[in-house]
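What follows is a short report on a single structure.
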Amino acid sequence: MSELLHSFVNNLVCRAVSGKFSMEEGRNRLFRELTDINAGLLGGFHIQDYFPSLGRIELVRKVACAKTRRVRKRWDDLLDKLIDDHAARMATHQDEDDDKDFIYVLLSLQKEYGLTRDHIKAILIDMFEAGTDTSYMTLEFAMTELIRKPHLMKKLQEEVRRNVPAGQEMVTEDNLPGMTYLKAVIKETLRLHPPVPLLLPHYSLDACEVAGYTIPANTRVVVNAWALGRHSGYWERENEFVPERFLSGDVAGGVDLKPNEFQFLAFGSGRRMCPGVHSASATIEAMLSNLMYRFDWQLPAGMKAEDVDMTEVFGITVSRKEKLLLVPQAA
Ligand code: HEM
C-alpha cells in the first residue's frame, strides 16, 4: 500500500509539473529519488543550527554542504533540460497542443514577474518537496487508521458506494461533494498525523505577546501543530481517531482545513499557509474514495489490528516507520 500511494502522488506531481510524458521517460523515478534525498537533507542534523558561528568557517561549510552540492548538480541537470525543452517548444509554437504544465506556466510569467532561471528551478523543487510526501503520508495514515477500525472503514465505504451511480467504474470528481464522512476522515487523519507537525519555521517581523510571553522582533518561531491537534483543552478523546467530530452538528463540525481558529493547523494559517491545500484535498479525496469504492481491504493473514506498528520517523515531515501492507479484494 505504501509503495502504491507514494508512486501515485509522485507521478501526479511529476505530470503536473513537467508534462504528460514524465512516466514514459522514467523522469518520475528520478524525481522521486531526488525528492527523497532532499527530504533527508532538510530534516537531517545540521551542525550550523546548533553552532551558527561554525557556519562561517569555509572548511566546515564545505564538508557540511558536500552532499547538498552533489544533489543540487543533479537537480540542475534535470531541470535545465526540462526548462530548455519547454522554452524551445514555446519559441517554435509547438506547445499549442501540449497540456499547460507548471513549467509552461512559470515560463509564460517569467518576464512579467522578473523570474530568473534559479527562481523557476527553486519553485519547481518546492512543488516536489512540498507536494509529494505530505499527500502520500496523509493517504497512508488514513488507510492505517481505517484498517485498525474496520467499522469506520465500512461506514466510509457505504458512503462512497451510495454516492456513485450503479455501474460506474470509478469515483469521479462529480461524486465527491456528497461525501461528508470522507472529508471528516481526512480532517481527522490530519489532526492526529499532520505531515508537517512543526509547520515551516516562521520569523517574527515585530515584537508581540503570546499567552503572556513576549516574542521579540526577528525571532525564529516554530509552531507545534501536532500538539495543538491533540490538546485536551480543544479536543475530546484527543488521541483517538474519531472522524465523527468533524461532522456538522458535532463539536468540531465547523472546523475547516483553512481554519480561523488555531486548534487545527495541518496546513498552517495566514499568508504563509500551504498554497497546495486545495490541490492536496482533491488528490487525497479522489484516491481515498476510489480505494474505498473498488476494494475491500484486509490485513495480511494472521495479523490483527493491534499488531499494526504505529511508530513514526521524525524529519521535516513525519512518516510511518514501517510500510503498510494490506490485501485488496475486488468489491
Ligand atoms: C496533505 C497535504 C499537505 C499538507 C498537510 C501541507 C502542509 C503544509 C504546511 C504545514 C506548510 C507550512 C505552512 C506554515 O508554515 O504556516 C506548507 C507549505 C507549503 N506547501 Fe503544503 N501541504 C500539503 C500539500 C501541498 C501540495 C500538494 C503542494 C503543492 C502542489 C504544497 C505546496 C506548499 C508550498 C509551496 C509551501 C510553502 C509556502 C510558503 O512558504 O509560503 N503543499 N504546506
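Position 1 is the first residue of the sequence; numbering continues from there.
- Annotation: Glu58, atom CD; neighbour count of heavy atoms from other residues, nucleotides and ligands within 6.0 Å is above 12.
- In this structure, Asn175 CG and Glu285 CD are separated by 12.0 Å, a value rounded to the nearest 0.5 Å.
- Taking CZ of Phe8 as the start and CG of Leu139 as the end, the distance is 7.0 Å to the nearest 0.5 Å.
- Salt bridge present: Lys100 and Asp95 bring a charged side-chain N and a carboxylate O closer than 4.0 Å.
- Within the 4.5 Å cutoff, side-chain heavy atoms of Tyr293 are placed close to those of Arg161.
- A salt bridge between Glu188 and Arg245 is present, with a side-chain N of the basic residue lying under 4.0 Å from a carboxylate O of the acidic one.
- Of the N and O atoms on the side chains of Thr116 and His119, at least one donor lies less than 3.5 Å from an acceptor on the other residue.
- The aromatic rings of Trp235 and Phe264 sit perpendicular to each other, their planes meeting at more than 60°, with 30° as the lower class boundary.
- Between the Asn290 side chain and the Met287 main chain, no donor and acceptor come within less than 3.5 Å of each other.
- In this structure a side-chain-to-backbone donor-acceptor pair under 3.5 Å is missing from Gln263 to Tyr234.
- A salt bridge links Arg72 with Asp76: the closest approach of a Lys/Arg side-chain nitrogen to an acidic carboxylate oxygen falls below 4.0 angstrom.
- Residues Leu124 and Val105 share a single hydrophobic cluster, defined by chaining ILVMFWY side chains whose heavy atoms lie under 4.5 Å apart.
- The hydrophobic clustering, which links ILVMFWY residues whose side-chain heavy atoms are closer than 4.5 Å, places Met127 and Ile316 apart.
- A distance of 9.0 Å separates OG1 in Thr68 from CZ in Arg70, rounded to the nearest 0.5 Å.
- Residue Ala16 comes nearest to Asp101 through the heavy atom pair O-CB, 3.3 Å, listed as atom of the first residue, atom of the second, then distance.
- Of the possible polar contacts, none joining the Asn10 side chain to the His6 backbone as a donor-acceptor pair under 3.5 Å is found.
- For Asp77, the side-chain hydrogen bond (donor to acceptor under 3.5 Å, both in side chains) test picks out Lys73, with sequence neighbours left out.
- The closest side-chain heavy-atom distance from Val318 to Met137 is not below 4.5 Å.
- Within the 4.5 Å cutoff, the side chain of Leu152 has no heavy atoms near those of the Leu156 side chain.
- For Glu169, the CD atom sits in a loose shell: 12 or fewer heavy atoms of surrounding residues, nucleotides or ligands are nearer than 6.0 Å.
- Side-chain atoms of Trp297 come within 3.5 Å of backbone N or O of Leu291 as a donor-acceptor pair.
- In this structure, Glu238 contributes its side chain and His231 its backbone to no donor-acceptor pair below 3.5 Å.
- Thr189 has its side chain within reach of Phe241: a pair of non-hydrogen atoms, C-beta onward, lies under 4.5 Å apart.
- At least one side-chain heavy atom of Ile125 sits under 4.5 Å from a side-chain heavy atom of Leu79.
- Checked against Glu129 for a side chain to side chain contact (heavy atoms under 4.5 Å, CB included), the options Leu34, Val13, Leu42 give a single hit: Leu42.
- The heavy-atom pair separating Ala280 from Ser135 by the smallest distance is CB-OG, 4.0 Å.
- Going from atom CD1 of Ile186 over to atom CZ of Arg191 covers 15.0 Å, rounded to the nearest 0.5 Å.
- The same ILVMFWY cluster, assembled from side-chain heavy atoms under 4.5 Å apart, contains both Leu109 and Leu107.
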Would you check, one step at a time, whether the test side-chain contact (heavy atoms from CB on, under 4.5 Å) holds for Arg32 with Phe128? CA-CA 8 Å; Arg32 180 162 165 187; Phe128 277 96; over 6 Å; no

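- Taking the side chain as every heavy atom from C-beta outward, Met292 and Leu182 never approach each other to under 4.5 Å.
- Cluster membership check: Met303 shares its hydrophobic cluster with Leu146, using side-chain heavy-atom separations under 4.5 Å among Ile, Leu, Val, Met, Phe, Trp and Tyr.
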Assess whether side-chain contact (heavy atoms from CB on, under 4.5 Å) is satisfied between His193 and Thr144, documenting all intermediate values. CA-CA 11 Å; His193 308 286; Thr144 309; over 6 Å; no

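- Without hydrogens or angle criteria, Arg230 side chain to Asn239 main chain gives no donor-acceptor distance under 3.5 Å.
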Assess whether side-chain contact (heavy atoms from CB on, under 4.5 Å) is satisfied between Arg294 and Val171, documenting all intermediate values. CA-CA 9 Å; Arg294 293 298 305 254; Val171 183; over 6 Å; no

Check step by step if side-chain contact (heavy atoms from CB on, under 4.5 Å) holds for Arg74 and Ile37. CA-CA 11 Å; Arg74 295 184 65 196; Ile37 299 175; 3.9 Å; yes

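- Heavy-atom minimum distance, Gln157 versus Asp296: NE2-OD1, 3.2 Å.
- More than 12 heavy atoms of other residues, nucleotides or ligands sit less than 6.0 Å from atom CE of Met310.
- To the nearest 0.5 angstrom, Phe31 atom CZ is 5.0 Å from Leu82 atom CG.
- Looking at Ser289, its side chain does come within 3.5 Å of a backbone N or O of Ala286 through a donor-acceptor pair.
- Contact record, Val223 with Leu228: CG1-CD1, 4.3 Å, taken as the closest heavy-atom pair.
- For Ser2 and Glu140, the side-chain atoms include at least one donor-acceptor pair closer than 3.5 Å.
- Using a cutoff of 4.0 Å between basic side-chain nitrogens and carboxylate oxygens, Lys154 and Glu158 are scored as salt-bridged.
- Counting only heavy atoms from C-beta outward, the side chains of Phe141 and Leu324 never approach each other to under 4.5 Å.
- Taking the side chain as every heavy atom from C-beta outward, Met143 and Leu288 approach each other to under 4.5 Å.
- Within the model, atoms OG1 of Thr283 and OH of Tyr136 stand 15.5 Å from one another, a figure rounded to the nearest 0.5 Å.
- Across all their heavy atoms, Ala227 and Asn224 have their closest contact at N-OD1, 2.9 Å.
- Of all non-hydrogen atoms in Leu247 and Ala184, the two that sit nearest each other are CD2-CB, 3.9 Å.
- Judged purely by atom type and a 3.5 angstrom limit, Thr138 has no side-chain atom pairing as donor or acceptor with the backbone of Pro195.
- Cluster annotation: Tyr113 and Ile103 are assigned to the same hydrophobic cluster (Ile/Leu/Val/Met/Phe/Trp/Tyr, side-chain heavy-atom contacts under 4.5 Å, transitive).
- At distances below 3.5 Å, at least one donor-acceptor pair connects side-chain atoms of Ser204 with backbone N or O atoms of Thr219.
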